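To start, the structure under review is shown below, and the notes come after it.
To find a chain, count down the sequence lines: A is the first, B the second, and so on, and within it residues start at 1. Owing to the predicted nature of the structure, the values given are computational and were not obtained by experimental measurement.
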Protein chains: 2
Amino acid sequence: MTTLSDVAKKANVSKMTVSRVINHPEQVRDELKTSVFNAMRELDYRPNVAAKALVNNRTQIIKLFILEDMDTTEPYYMNLLTGISKELGKEQYALQLVTEHHFDIGGCDGYIVTGMRHSDYEWLQRLERPVVLFGENRLEFDYCDTDNTLGTKMATEYALKQGYQQVIFIGINVKEPFEYSREAGYMMTMQKHQLPTEIKRFSNHSHLAMEYIQSQWSQLKPNTCFVCASDRLAFGVEKALNLFNADIPNDFGVIGFDGVFLNQVATPKLTTVQQPIFELGVQCARMLLAKIAKDGQPQGIEQLAPTLSIAGSTRNDN
Amino acid sequence: MTTLSDVAKKANVSKMTVSRVINHPEQVRDELKTSVFNAMRELDYRPNVAAKALVNNRTQIIKLFILEDMDTTEPYYMNLLTGISKELGKEQYALQLVTEHHFDIGGCDGYIVTGMRHSDYEWLQRLERPVVLFGENRLEFDYCDTDNTLGTKMATEYALKQGYQQVIFIGINVKEPFEYSREAGYMMTMQKHQLPTEIKRFSNHSHLAMEYIQSQWSQLKPNTCFVCASDRLAFGVEKALNLFNADIPNDFGVIGFDGVFLNQVATPKLTTVQQPIFELGVQCARMLLAKIAKDGQPQGIEQLAPTLSIAGSTRNDN
DNA sequence: TTGTAGGCGTTATCAA
DNA sequence: TTGATAACGCCTACAA
């Protein structure tokens, strides 16, 4: 293990000069700087994280609170975790997973929180270290999320461009910002085209959407596209349509939202609004580290554009 | 932040005594011990991890190498990661995810490795800190894994008990210990019952198993159960049988292995050998921490029993 | 612009 | 059995 002192000796300067080259390079003459850099390279110097943490009163640990019931079958979390972890690793930060509420608070430099509900607001606000949320919120928390409105805009525009004459939105009946945003994207696009809107909402289970389609089958007009707020719902719609041997994608189109759930087994494969979950994890981590570096200053919000992943559940005439 | 010194003052002893109460309690008189414990409790003392790490030349970081292509749609990894992370957290260890080979070695106290291939053997052996593998291996690495042989034993015994007269094993054509073990469990059980064995092997893709069944359909006798080395393969078998409107589970039974993949969408739901992935993650972490504490001493192997999750793809007459 | 001294919280070592 | 001292590697504060 080469230390600051080793580098200092090699470069014929004091430890402090080396330290400054790392932390306040503007205070050091260019001449010394380069010779210090050379010494660092030659000795393959790596700062000792523990020592730095000790003197800075840091832990180099970030806690990830997953407050919702984590469905480990959702690749969602794995992608998120991978993104966060990768980015934290670069800065020598390590991740701790916390899935029990009110547990294991403290002993870290910052928090990433996903699945916050209203009831969590209070204690989250009390946390003494920087917090970044994963997921839209209308409170004052900094956050990263998919641009949900853009996602359903893209989906709806695509449906219309493919010539579907009715576009129906199948939403999730929760009062959460992400859902409002997704509905807004649909509404805005339909209104822009001066088309009538129709929104149905269900809990996020495929069988509910399936039952709905079954019950409505006789009323459904061909040339309809269903823009759904989740892949689960889209999957349910598709299954129901298949039961009636409906012609997907010619008579009916189905578009999901998520780009993860079960898309490998849906037949035909779902066209879906793909969320950049991994990148969102990266952004979350970056935002949090920036916030820590800037002593807790608000970092605002970061919304990443989803991509429309086109597959067999919609027409594709270009 | 209360420190050792604070506790020492409160208990009227030296810092060292407090330190010893924590690390070498046998060297301290009971009398002092209790008064130190009291002081610690009253002051809510928490050891400073960074300071400890510094003086012990530790990082408090464990790296998790995922060497295989990580299919983030497999809940497998999320369960594993959750288990590992939970256990490490208890001991104030943090986790770093590494998915690129040969990258990001060093700077940690130990490694958990999953998806090792033969070609990885060499560099893994060179690692300078304790290593624990996740997954059976016939080399000298310590590891945790499902008891694969027990798993297929349970599956085969169950199939026979349900009265299926033929039991065919659908394996994965890889030369990996886990596969050998799974085949062995099947073989042993069949031989014990003096029944003929039949093994087919495919790459682990559902469509291959599906095509096989389709091509063999005319030869298949009713009252056959397929014991598969993965849920993917089982899923393919089931899909093919459904194509022929075969009667599952009365004429044909299907048993998978994993308990994770897609089981939510298979119709009927698969009977499967459920691996305790979360617990295996916990065990892995424990084993590694023990190995670190004991200065790298071999820890042997740990095989956890799977459970047979019974569902609609097999008869269930009890 | 650079260097010196001291301390962050803990533990190993040695002396009492 | 207990305590004093030094050290781990780095950074802040101050001095030169």
Round to a whole Å and report the spacing from CG of L4(B) to C1' of dA12(C).
14 Å

Between D6(A) (CG) and dC8(D) (C1'), how many Å, whole number?
13 Å

Value in whole Å for how far the P atom of dC14(D) lies from CD of Q27(A)
15 Å

If the cut-off is 4.0 Å, is H24(B) near the phosphate of dA12(C), judged by side-chain N/O to OP1 or OP2?
yes

Compare side-chain N and O positions of N23(A) against OP1 and OP2 of dC11(D) and report whether any pair is under 4.0 Å apart.
yes

Given atom CE of M1(A) and atom C1' of dA7(D), what is their separation to the nearest angstrom?
17 Å

Pair E179(B) + R182(B), salt bridge at N-O below 4.0 Å:
no

Test side chain to side chain contact (heavy atoms under 4.5 Å, CB included) on I112(B) and K63(B); report intermediate values, then the result.
CA-CA 6 Å; I112(B) 296 175; K63(B) 293 202 175 177; over 6 Å; no

Quick one: do R138(A) and E140(A) make a salt bridge, cutoff under 4.0 Å?
no

Listed nucleotide nearest any side-chain atom of L32(B), set dT2(D), dC8(C), dT10(C):
dT2(D)

Nucleotide dT12(D), atom P - distance to CG of L54(A) in whole Å:
13 Å

Give a yes or no on whether D44(A) atom CG has more than 12 heavy-atom contacts from other residues, nucleotides or ligands under 6.0 Å away.
yes

Hey, can you pull the residues of residues 12-22 of chain B with a non-hydrogen atom under 4.0 angstrom from DNA chain D?
V13(B), S14(B), M16(B), T17(B), R20(B)

Mapping A51(B) and V28(B) onto DNA chain D by nearest heavy atom, which one lands closer to the 5' end?
V28(B)

Please report, rounded to the nearest Å, how far the C1' atom of dG9(C) is from the NZ atom of K52(A).
19 Å

Separation of atom CG in N48(A) from atom C1' in dT10(C), rounded to whole Å
14 Å

Which whole-number value in Å describes the distance from Q60(B) CD to dT10(C) P?
13 Å

Indicate the ring-plane relationship of Y111(A) and F65(A), choosing parallel, tilted or perpendicular according to the 30° and 60° boundaries.
parallel

Between Q299(B) and V132(B), does the side chain to side chain contact (heavy atoms under 4.5 Å, CB included) criterion hold? Intermediate values first, please.
CA-CA 9 Å; Q299(B) 300 294 308; V132(B) 166; 5.7 Å; no

Reckon N56(B) touches a base, only the sugar-phosphate, or nothing at all at heavy-atom distances under 4.0 Å?
sugar-phosphate

K33(B)-T17(B) side chain donor-acceptor pair, cut-off 3.5 Å:
no

